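The chains referred to below are lettered A, B, ... by the order of the sequence lines, with proteins before strands, and numbering in each begins at 1. The model shown is predicted, which means the values in this text are computed figures rather than measured ones. Keep in mind that the numbers below use all heavy atoms, side chains included, and drop hydrogens, waters and symmetry copies.
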Amino acid sequence: MSNEVALELKEVTKKYKKTNVISKMDLQIKNGEFLVLLGPSGCGKSTTLRMIAGLEKPSSGQILIDGQDAEKISSMERNLAMVFQDYALYPNMTVYQNLEYALKVHKVKKEERQQRLAKILETLNLTEYQDRLPGELSGGQKQRVALGRGMAKQSKIFLLDEPLSNIDVQLREKARDEIQTLHEENQQTIVYVTHDQLEAMALGDRIAIINDGKIQMIDTPDNIYNHPANLFVAQFVGTPQINILEVDVQTTQLVYAEYPVLTNSARLAKLSVPSGQLYLGIRPEHVVVKCKQESASELPAQVEAVIDYGRYQQLTLKLEEKQVLKAIITNNNFKIGDIVYASLAEDKILLFDHKGKNNLES
Amino acid sequence: MSNEVALELKEVTKKYKKTNVISKMDLQIKNGEFLVLLGPSGCGKSTTLRMIAGLEKPSSGQILIDGQDAEKISSMERNLAMVFQDYALYPNMTVYQNLEYALKVHKVKKEERQQRLAKILETLNLTEYQDRLPGELSGGQKQRVALGRGMAKQSKIFLLDEPLSNIDVQLREKARDEIQTLHEENQQTIVYVTHDQLEAMALGDRIAIINDGKIQMIDTPDNIYNHPANLFVAQFVGTPQINILEVDVQTTQLVYAEYPVLTNSARLAKLSVPSGQLYLGIRPEHVVVKCKQESASELPAQVEAVIDYGRYQQLTLKLEEKQVLKAIITNNNFKIGDIVYASLAEDKILLFDHKGKNNLES
Amino acid sequence: MNKVKGSSWHILLIIICLVLLLPVVFMVSNSFKTLQDSYHSMLQIIPLHPTFSNYSTLGKQVDLLRLIWNTFFMATLVTLGKIVTGLLAAYAFKYFTFKGKKWLYFIFVSTIFVPFTVVMIPNYLVISKANLLNSALGVALPQLCDATGIMLFLKAMDKIPSSLIEAVHIDGIPSYKILKDIVVPILRPSIISIGAIFFINSWNEYVWPTLILKDKSSFTLPLALQNYISSEGGTNFPLAMALSTIMIIVPLLIYLIFQRYILNSISSSGLK
Amino acid sequence: MNKVKGSSWHILLIIICLVLLLPVVFMVSNSFKTLQDSYHSMLQIIPLHPTFSNYSTLGKQVDLLRLIWNTFFMATLVTLGKIVTGLLAAYAFKYFTFKGKKWLYFIFVSTIFVPFTVVMIPNYLVISKANLLNSALGVALPQLCDATGIMLFLKAMDKIPSSLIEAVHIDGIPSYKILKDIVVPILRPSIISIGAIFFINSWNEYVWPTLILKDKSSFTLPLALQNYISSEGGTNFPLAMALSTIMIIVPLLIYLIFQRYILNSISSSGLK
């Protein structure tokens, strides 16, 4: 069992000047797993990665690498490679020298070095650039060199700190596919930091969503999107953001303003929330927009904005009292100013308690 | 007629050290229009904006502002405001002073200043921060101050240079909505530079897609997505990217490998391409994936990757000879390794000539 | 920043620090020794018979306040001159474009490589013809601008994002207002620390003032000190050390007062 | 960068440039004048009767090659010493963490404010006890490290992204290799230009060498120059000017050779 876990954080806390950047974080990463740390800037995800890399020391708690206490081994002995956000290529060395440098210092034999690097350069389509300096490369090429430098070490754990954030949007999709292919081929354990939820969804076996130095939820992309543990996760994942309405609990139904938006009393009974208010979350694609009111649960609204993204259209609907509801539709028949009726797909509705903001059904 | 055009570029060329950054660009921007300049980094979009602002001088050609030759008037007299990517707030002045500074120097009366600024601070929700220094603000707040500083000048033209690229992804949606609301309220002429196609689609009345210093296409978001002028535009807009296949023209049909992907001979006849090869473009959402082959035009493929984005799933399909086809579906029944059949929605197929890469039907 | 422990590096730094500090300690210590003690046990750090007599003797022999004022006045004049010309020139180089700018800049920097010693004589003749001998202004005049200052300010201006200056231009603010309202306030820490360096250099200047200041009443501290060091290394050593100790008080005070700016402007990061 | 035309600024720069250059022109011109011409028309830029006689007289009176070699050797020694100690100390300050680092740094910077004039006497005594009088090493020894150099290198190291050093650490590269393979190559332009400044300062040094170098055969150029300037301003003025002219040749050569690095390290942008 224990050798299945590549990396483990036990109650890790990191303080800077008495404020907790990371608070008692527990985390297990399995051998060969692709784990994404996702969160807004300043949430502590980079600090977590840096502690794993040994670039920062936890204020308290333990980091275990392959079952060994990381504090007792140096950055090098942790047997890991890291790709930095700015790539951190040595500007005074060619692409080949960049890949070779660590191996050379650690006295890997010349023949083996050449073999290993030739294969990596080939895989990453860098062979023809091997004699260039980093300054002569494009962003995408630099990113591949940084990946290659990490691969050259053949370490068990691969840490990536927002590796795609400095390359052109158009190239990101390709670069992302490449990272995925590499992971499938080498089956390294990968810890990947990003603030981009689409990147996280596309890459991660599991995603750990971090906010305020705490893991808010750690699960598969599917569960994170469909069954978010709390309001933060629900709002952080998905663009446009999930719609949040404040609703009143009544015995057999949930009511927004005077509209009964949830009437499934069996579901409500399970909640064991006697009365008061809840947060209701509904993703824009589960808001159905109609021209005519067909049931009492549909909310009258005015179309405030229509954005055509080509594949789908996004409507901004204005309910009463400045409440805004966004909807994603695929056949647009609406114009700004239209009066419409929005119905919320009942089975897609998420419910969060008003105080703790946790998902009441997960 | 002429006073409907707020801004006009006539054969504007900009050279740096003999290389053309902008080549003979023509552009007309109407009064009150929201025009987005969209393109990859280094395409010349920022240079274009900077020439309009008077921060760079065209090497040749003319810029007309309100019909006046811009070369004869200073940056100030152009009556425009600009928001910079890094906001360029004066770090030594409070929020209020930042907004007030230009007005004060230009001797706007104190009472009027106070009135104008109070309203702007109110609109942008900055009133409570008016005595803070920029260093004490978050990214989103800084961006609002930068907007406010531009608004304070009440200029006719508002230039924005990637104003959202330095704020958190989660806040971008809100900030974007704000910019749109401001435009609707003030009806200023806006020229907005971005590399983010979604931002462009959401904001622009029209979008000018720039590459290699040339306007590739200038049109509404809808036309740009559905009727791209050339291969570059088709590939630049839309994520995941449009699929491109090389197809052979045969008398009554287009053939990919041995599969007849387009059999509408009337459409083919209009093309007047006798024979040879074409590029076929099909957006991922127009690739229909089935478990069984139903017609000869469907391409057999293997599922290479499945990404679940929550709202939709993205399949990466492998055709023969390493050709990859991406598909967007909304009900995922496929697993990696499945053999499937992909059919391309005929009426959504785009055709580009093999040499010039222009859309053959637009 | 990643911080690694490095004890051997630590030792290296302490050694360098000692090398730099020892002469100072030695100087202060000897200024409290009697002439005899200083002669017999010069390297003894703690004086055997500590005495203030050197300082009181000094007080009788020279007008200390006048010396300090003379030095202070001259150094202030030079510092202000260099700051004003340096800021103006750096601003012009940085934000304006004109023909021959590159050449002009090339010549500017070249003057850093022309030693002041070498241009001292021509300068002396000019000052003497202008009847400015024995005056602080005479010392200050040829030093009111120098290329090093321009370079330092240019370097400091690198920290101002170009977009900031562009923003002000679009708003149509005149140049002198940009300099006054934007550039100078932002550069304040740099101006203070560059100014401190200017001040100290001028405070310590010896060769050039000896040419100009012949009259004892116009003497600055370094000139007075020289009087106590005869050509063969000091007739009354403790007395010279006492004067030296007095001489470093003002520079050290300036350092203490402005340390926040000075330390920050050296290294913007990594020493926190 | 936004470049705006500014003619009044242009004029300001030209005036400053002239002020800086005039003494040099004046010096070179007088070195080609006869003693008589120099006396009667000192401010005449183009000599009435141009002559090389001052240079040939100088060649007879002093061993020019020896003077240049002495100065060069001493300046090289000082420069190398300052570069090595400066780089090591700056590296230690920047990338290592240890107790009392802040205090150590505070003391380091304070020594910038202790004038060399003031610690000259204690240093003199050490050098004389170590029997190093009349040797270049004696001049160089107390100058082998200084806080200014450390500061300049620290500032230069700000340009190296911290991720670069972290990347090397994760790869387990030892410190001395990081310094040798990464830091020094990246800082090469800064090292060259800081080194050039060190060299020039040492080349021009006058007061301290006069204490140590008593023997004529060990003289450096500034000491020889002083011989031609009697206390009252020069018995043979054109001769002094000729020696001055010779003295600035090496510094200017260094500037010309390394101008690319020097100009770039001053201002990374905005002067292209």
Practice task
Any chance you could lay out the side chain to side chain contact (heavy atoms under 4.5 Å, CB included) test for D:K94 and D:F153, step after step, and finish with the verdict?
Solution key: CA-CA 10 Å; D:K94 183 92 186 171; D:F153 284 120; over 6 Å; no
Query raised in the report: Run the side-chain hydrogen bond (donor to acceptor under 3.5 Å, both in side chains) check on C:S190 and C:K155 step by step: do they pass?
Result: CA-CA 10 Å; C:S190 300; C:K155 191 113 194 153; over 6 Å; no
ask   = Step by step, would you call D:Y255 with C:F106 a ring-ring contact (aromatic ring centres under 6.0 Å, His included)?
value = CA-CA 10 Å; D:Y255 176 52; C:F106 180 81; 5.1 Å; yes
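Atom CZ of D:F113 is separated from atom CD of C:Q259 by 10.5 Å, given to the nearest 0.5 angstrom.
If you measure heavy-atom distances from D:E205 to chain C, you find no contacts under 4.5 Å at all. Within the 4.5 angstrom heavy-atom criterion, only side-chain atoms of C:T111, from C-beta onward, approach chain D. In this structure, the portion of C:M241 lying under 4.5 Å from any heavy atom of chain D is its side chain and not its backbone. Contact annotation for C:L256: only side-chain heavy atoms (C-beta onward) come within less than 4.5 Å of a heavy atom of chain D. Contact annotation for C:I200: only side-chain heavy atoms (C-beta onward) come within less than 4.5 Å of a heavy atom of chain D. Contact annotation for C:L13: both backbone and side-chain heavy atoms come within less than 4.5 Å of a heavy atom of chain D. The contact between C:A240 and chain D is made entirely by side chain atoms (from C-beta outward), counting heavy-atom distances below 4.5 Å. Only the side chain of C:V19 comes within contact range of chain D, with at least one heavy atom under 4.5 Å from a heavy atom of that chain.
Of the listed residues D:L225, D:V24, D:T210, D:L144, the one with more heavy-atom pairs under 4.5 angstrom with chain C than any other is D:V24. Among the candidates D:L20, D:V114, D:L22, D:I14, the residue making the largest number of heavy-atom pairs closer than 4.5 Å to chain C is D:L20. Interface summary for chain C: among D:L221, D:I197, D:N204, D:I248, the most heavy-atom pairs under 4.5 angstrom belong to D:N204. Annotation: maximal heavy-atom pairing with chain C below 4.5 Å, among D:A89, D:P142, D:G100, D:S110, occurs at D:S110. With chain D as partner, the option from C:I254, C:L104, C:T245 having the largest number of non-hydrogen pairs under 4.5 angstrom is C:L104.
In this structure, the side chains of D:I127 and D:W208 come closer than 4.5 Å at one or more pairs of heavy atoms.
Remark: the backbone N or O of C:I45 is paired with a side-chain donor or acceptor of C:S29 at under 3.5 angstrom. Listed for the C:K101 side chain is a donor-acceptor partner under 3.5 Å among the backbone atoms of C:F93.
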